[in-house]
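Report on the following structure.
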Amino acid sequence: MISQVFILSSKGDHLIYKDFRGEVEKDSMSTFYEMVSSLSGDQPPVVMSRKGLNFIHIRHAGLYWVVSTKTDPSPFTVVEFLNRLVALIKDYCGSVCEKTVRMNFALIYELLDEMVDYGYIQTTSMDILKNFIQTEPVASKPFSLFDLSNVALFGAETQQSKVAPSTAAARPIMTSYSGEGSKNEIFVDVVERLSVVIGANGVVMKADVEGEIRVKCYLPSCSEMRIGVNEEFSIGKSQLRGYGATVRVDECSFHQSVKLDEFDTHRILKICPSQGEQTLMQYQLSDELPCPPPFRLFPTVEKDYGSRLLIFLKLRCDLPPKSSAINVSVTVPVPKGSLSLSQELSSPDQTAELRPKHKSVVWEIPRFPGGAQLSALFKVEVPGLSSASLQEVGPVSMSFELPKYTCTGLQLRFVRLSPNQQAPSHRWVRYVTHSESYTIRI
Amino acid sequence: MPYFGCEETVKDLKRALSNPNVQADRLRYRNYITRVIRCMTEGVDVSSVFMEMVKASATVDVVQKKLVFLYMVTFAGAKPDMALLAINTLRKDCDNPNPMIRGLALRNMCNLRMPGIIEYIHQPVMNALRDKSAYVRRVAVLGCAKIHSLQPNAEIDGGVVNELYNLLRDPDPVVMVNCLRALEEILHHEGGVVINKPIAHHLINRLKDLDSWSQSEVLTFLLRYRPRNDDELFDILSLIDTFLLSAQPPVMAATLRLFLHLASAHPTVQADALTRARGPLLAACGAAAREMRFTALCHVQQVLRSQPTAYGSHYKRFFCAFSEPAYVKLRKIEILAELVNDENVALILEELKGYCTDVSTELAQAAIKAIGRIGRTYTEKCLEILTGLLALKQEHITSAVLQTYRDLVWFCPQSTAAVCRAVEGCDDLPQDDEGKQALLWLLGVHGEQISSAPYVLEGFIDGIKMEISSAVKMELLTASLKLFLSRPAETQDMLGRLLHYCIEEDSDMCVRDRALLHYRLLQCGVNETRKVLLGPKSDPSMTIITGRTEEPVNHWASSFNTLDPLLGAESRAQDVPGEISDGDEEIRINDPDQAFQNGTLKEGDTDGAPDASEEPRLSLSPLVSHDAFEKLWMELQVLHRQCLGVPRPSVSPDTLNSAFQLVKIQILAYSRSDARPWKLYMYSWSGGSVILAELLQDSADTVTLSIKQHPEERGAVEGFVSVVSNVLRTLNSS
């Protein structure tokens, strides 16, 4: 059971404090912060304990979200509860940051009061909570046209007729005051996280995809929605459907409210989405990507005369020509003590930077079209460079976003709301693949 | 305390709240109340506006009501008399037609933790238990627990308990779960809520109607229940089986725990459940939230204790992602080191090698130690990687590699030669205490194989004035002395300097005492010193202890899905290096300790049939020098002469020496093995008397033993003779 829930800013300011059982002193917040700040390293352990009081915390948006308890609860439950709390606040306030928490503290207190009683979790379902929550959220910034320029999700193709700006889904759910016409929207996102390890010889050593279908629903009440995924979608190794290229995943699990009666025959998910964000389906695929990994790297690392290190990188994007990767960032570890960097990049919009603190060179490419090949030459000045130091030019890691692209090939055939839905509504389907971890060994 | 002028702020707020104009304007009124709450969260003492807040509670505005209640609950303890004024409003709200208001008022009324409140809340709570709204019933059920906690010593109200047991059949699932929670608290002293067969089956049947929080809670309550027989047990297991594959990690973990608990007598069922839960657990290891990942990883580590091979084929799932925080990466490195098998060892080592140059020193060192752990099984491959790392000449890497070497040499003696070569080639000295100690230990124990050992040690000895850590100084003392034993000529001079500095100038008591001890040891003679100081150089058998063993599931099942794996593993990880060094410290001092014990033993037991089992009655100390022996031998008369009837064993003098040392007899001198007559002189101590002996073989095949003793003690001589003949017989037979 939960004794207290509190939210601290990274500087230790008390943002939210709710005591459910009155069995712990209020200074536990300071105790916790002392413990956290006395530890070195980038993040303190999730569970800490002092004098019989256990603190379980997560970090989100730079804030500490902490549960304190005197009992020995299930860590899965507490961590999941804190994540759920963050998600609910995000649903209500649009985004989560120190400012939104500060501005909406009354709302958060109200949420906590309904979610937990006497330290026991009562409900976290948006459908139930919305009947009880009366406070109106205060948006941290008004939804303005200015935000439209900051398009991240769909790259440069904003001129297309019907594309929702990426910020559209980052609005508060309770939309009594947001712009008219945007009320009745429903977003269905297919989000995949890709982790790949490519060996020094170019062989793919590991390729995992963790994907999920998420629904973010702004409709105050929504009747049944039908979502069709690829007909040839198959689960596990044995099951094959269709004749062409199958879309295969290893394991798949569904939200408990998803009705699966048409899934086996027609691959249709049925659900009555509640307001807010929900994950309908999660799936995993290990090692058998239907397509080549999106990036191949051809590196050359050599010691130049004197104490200079030459790193020549040729990076090829193996996506189909129509898609492209955005916000590509390549991190190359360099030897300790690297002093300066001079680079030759193929276009002016790319940047490269030496970060001595992280012993790395970071090469940023804002947009990388499929099929293209880019190269970069880095000359790094390393005093006392020895041939052993070349070992330190270790695995290159990349991070990027692939909009409108799924690695498994999962597509939604349709998203249909039942015809008796009163209000007209907009449905948006978005695909995106994030790089969870993309490592290329040298 | 936190803000200057907060008293002013509170006064302003008080004034504003009592201003009728403000009270008339709903939004302004609420705004001021919000400011009070904000001050409260920041830690300002706003209890002085209690009266105004009580007034503000009588409103139709639900948001304002909630804020005021939050305030009252916080400060009721400080202002109990004023809080009573609010009771009236609250009780009125308890009869409100709107169930939300009823529930709200009741919940907050029960939360007012102050003396004397019970008489006001008891009746409303009892009424609310039969409320038609499930929301109010939920609140009321927990209200019973709150009432109980307000008067912990009062007698348990049987009526309430019965009512709560009846409410377990409530149609609302949360009411049901709240009943379990409330009963658990109320009946805490009697062992908590009783889960009998009907209740257990009722709970299991309703599991699917509950939300995931309640499911995991109910599953935890079911741990109480013991099925009557195996049939019932398997019925239950098949009913909860589907939850094992739940997409919700809390439900999956609670189910798995219940499975492991219920099937504690059926290891195969447990193993089966762990296999089935592997998929969901792995999925949780890849969850988007890193804290969830961490939690899952800790539990995977637990499972690995019993099924070390279970996740071997999924090792790629435990490769670290670039953006993960260090604590997740550290766990993954630990797990990777455990998952190694013949198929994946090359790939795992390659992955770990990549982490060794990580920018975080903590991570790099953890990766190096993980390679060291794998090296206990796959020595060659790991040594190659570790030696390569030394070339980087980075302090933290060198230090970790040396520590890993030390442990590796201890566990796998076959790696000694390669390690010594690597240490010799390492010209970059570690700067941290741990690394220095490891290097010194290696130099001391294996100094004869590292040609540069005296020079490295000399560097340390010359810099001892700058050394702060006493642990390093002690290790330096021991290492120098050990090196002196193996390479006296090169070390003697610097050892003298070191001892002189430590005894005369060092201010640390421990260091001085250790130096004095070493000095006195040397005074006793080199052989004595060797006896005391040199222990075994490695202990391969330790690998069996620290290596992978399949623990029974029941060892850890009770802590599954608790905080223990997250907390415990943290401290376990810190303990491991300490444990090993402590361990070998203990073993190193073990031998003299035993000798000492044996030395005292013989005192009370002088007579009785002397036989092999009484060998330890002899002892080696105090040392007898060659001169002293010669002098004594000349002075004394032969006390006993006996032909042993056994031939001279055809073994090397070293073997002979160590064989006799085992039985606490020191050989001082012997003739070349081809000499005729062949002689051997030895001595031992029995109690306070020294036994000197000569083994003689002239023309005959058998050897003759002559014994001189001072002072005379016949019983000891008999024992000595039997020991010597036993040793010779054993050597001959082998």
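These figures come from a predicted structure and were not determined experimentally.
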| message | For a quick check under 3.5 Å, do A:S195 and B:R317 share a side-chain donor-acceptor pair by atom type? | response | no

| task | Select, from A:K336, A:K18, A:H60, the one with the greatest count of heavy-atom pairs under 4.5 Å involving chain B. | result | A:K336

| task | Please determine, by modelled atom types, if B:D211 and A:Q256 share a side-chain donor-acceptor pair under 3.5 angstrom. | result | no

| field | Heavy-atom side-chain proximity of A:P73 to B:L563 below 4.5 angstrom | value | yes

| Interchain contact, A:D117 with chain B, by part (heavy-atom threshold 4.5 Å) | both

| query | For A:M398, is it the side chain, the backbone, both or neither that has a heavy atom under 4.5 Å from a heavy atom of chain B? | reply | neither

| request: Measure the CD-CG distance between A:E110 and B:L67 for me, rounded to the nearest 0.5 Å. | output: 7.5 Å

| said: So which residue, B:A254, B:A283, B:A284, B:G103, ends up with the most heavy-atom pairs under 4.5 Å with chain A? | reply: B:A283

| message | As an exercise: rank B:R257, B:M40, B:M100, B:R107 by heavy-atom pairs under 4.5 Å with chain A and give me the winner. | response | B:R107

| request: Select one option (side chain, backbone, both, neither) describing which atoms of A:F20 are under 4.5 Å from chain B's heavy atoms. | output: backbone

| Is the backbone N or O of A:R59 less than 3.5 Å from a side-chain atom of B:R290, with the two atoms forming a donor-acceptor pair by type? | no

| Once you round to the nearest 0.5 Å, how far does OG of A:S49 lie from CG of B:L566? | 12.0 Å

| message | I'd like to verify something: which residue of B:C320, B:S360, B:S323, B:A145 has the highest number of heavy-atom pairs under 4.5 Å with chain A? | response | B:A145

| remark: Highest number of heavy-atom pairs under 4.5 Å with chain A among B:P280, B:C356, B:A288 belongs to B:A288

| task | State whether B:R113 and A:E23 are salt-bridged, where the test is any N-O pair (Lys NZ or Arg NE/NH1/NH2 against Asp/Glu carboxylate O) under 4.0 Å. | result | no

| Test item: B:T41 and A:L15 side chains (from C-beta on) under 4.5 Å apart, heavy atoms | no

| Checking B:E351 against chain A: side chain, backbone, both or neither under 4.5 Å from a heavy atom? | both

| said: Under a 4.5 Å cutoff for heavy-atom pairs, which residue among B:A391, B:S246, B:G354, B:G286 has the most contacts with chain A? | reply: B:G286

| query | Picking from A:H255, A:Q282, A:R193, which has the most non-hydrogen pairs under 4.5 angstrom with chain B? | reply | A:R193

| remark: Applying a strict 4.5 Å limit to non-hydrogen atoms, the region of B:E350 in contact with chain A is both

| Pairs meeting criterion salt bridge (Lys or Arg N to Asp or Glu O under 4.0 Å) with involvement of residues 387-397 of chain A, two or more places apart | A:K359-A:E392

| message | Taking side chain as everything from C-beta outward and backbone as N, CA, C, O, which of these in B:D358 sits under 4.5 Å from a heavy atom of chain A? Side chain, backbone, both or neither. | response | backbone

| Once you round to the nearest 0.5 Å, how far does CG of B:L70 lie from CG of A:D113? | 7.5 Å

| message | Check this for me: does any side-chain nitrogen of one of A:E251 and B:R278 sit under 4.0 Å from a carboxylate oxygen of the other? | response | no

| query | Which answer fits A:R84, side chain, backbone, both or neither, if we ask what part of it has an atom under 4.5 Å from a heavy atom of chain B? | reply | side chain

| said: So for A:Y438, is it side chain, backbone, both, or neither that comes closer than 4.5 Å to the heavy atoms of chain B? | reply: neither

| message | If I measure from the heavy atoms of chain A, does B:R181 come under 4.5 Å with its side chain, its backbone, both, or neither? | response | both

| B:N178 side chain near A:Y118 side chain, heavy-atom distance below 4.5 Å | no

| task | Among the options B:R138, B:H299, B:E217, pick out the one with the most heavy-atom pairs lying under 4.5 Å from chain A. | result | B:H299

| message | Return the CZ to CZ distance between B:F560 and A:F76, rounded to the nearest 0.5 Å. | response | 6.0 Å

| field | Contacting region of B:Q215 [heavy-atom separation from chain A under 4.5 Å] | value | side chain

| query | Any chance the rings of B:Y135 and A:F132 have centres within less than 6.0 Å? | reply | yes

| B:N561 (side chain) donor-acceptor with A:S74 (main chain) under 3.5 angstrom | no

| task | Determine whether A:P333 and B:T357 make a side-chain contact, defined as any pair of heavy atoms from C-beta on separated by less than 4.5 Å. | result | no

| message | Is B:L219 close to chain A through its backbone or its side chain, or both, or neither, when contacts mean heavy atoms under 4.5 Å? | response | neither

| said: At a heavy-atom distance under 4.5 Å, which candidate from A:E212, A:K26, A:Q122, A:H14 has the highest pair count against chain B? | reply: A:Q122

| remark: Cut-off 4.5 Å, heavy atoms of chain A, and the answer for B:L104 is side chain

| query | Can you say whether B:T34 sits under 4.5 Å from chain A via the side chain, the backbone, both, or neither, judging by heavy atoms? | reply | both

| Selection from A:M205, A:M29, A:R21, A:M1 maximising heavy-atom pairs under 4.5 Å formed with chain B | A:R21

| remark: Whatever's closer than 4.5 Å to a heavy atom in chain A on B:K316 counts as both

| What part of B:H314 gets closer than 4.5 Å to chain A, counting heavy atoms only: side chain, backbone, both or neither? | neither

| field | B:R38, part contacting chain A, at a heavy-atom distance under 4.5 Å | value | both

| task | Say whether B:E185 and A:Y120, considering side chains only, have a donor N or O and an acceptor N or O under 3.5 Å apart. | result | yes

| said: So for atom NE2, which belongs to B:H188, do other residues, nucleotides or ligands contribute more than 12 heavy atoms lying within a distance under 6.0 Å? | reply: no

| request: Among A:G22, A:G119, A:A200, single out the residue with the greatest number of heavy-atom pairs under 4.5 Å to chain B. | output: A:G22

| task | Give, for atom CD1 of A:I133 and atom NZ of B:K66, the distance between the pair rounded to the nearest 0.5 Å. | result | 5.0 Å

| remark: The interface call for A:T124 against chain B, heavy-atom contacts under 4.5 Å, is both

| said: Nearest 0.5 angstrom please: A:E436 CD to B:E324 CD, how far? | reply: 6.5 Å

| field | Exceeds 12 heavy-atom contacts within 6.0 angstrom, atom NZ of B:K353 | value | no

| Would you say the side-chain atoms of A:T77 and B:W213 include a donor-acceptor pair closer than 3.5 Å? | no

| said: Taking every non-hydrogen pair under 4.5 Å, which of A:D72, A:L107, A:L390 racks up the most with chain B? | reply: A:D72

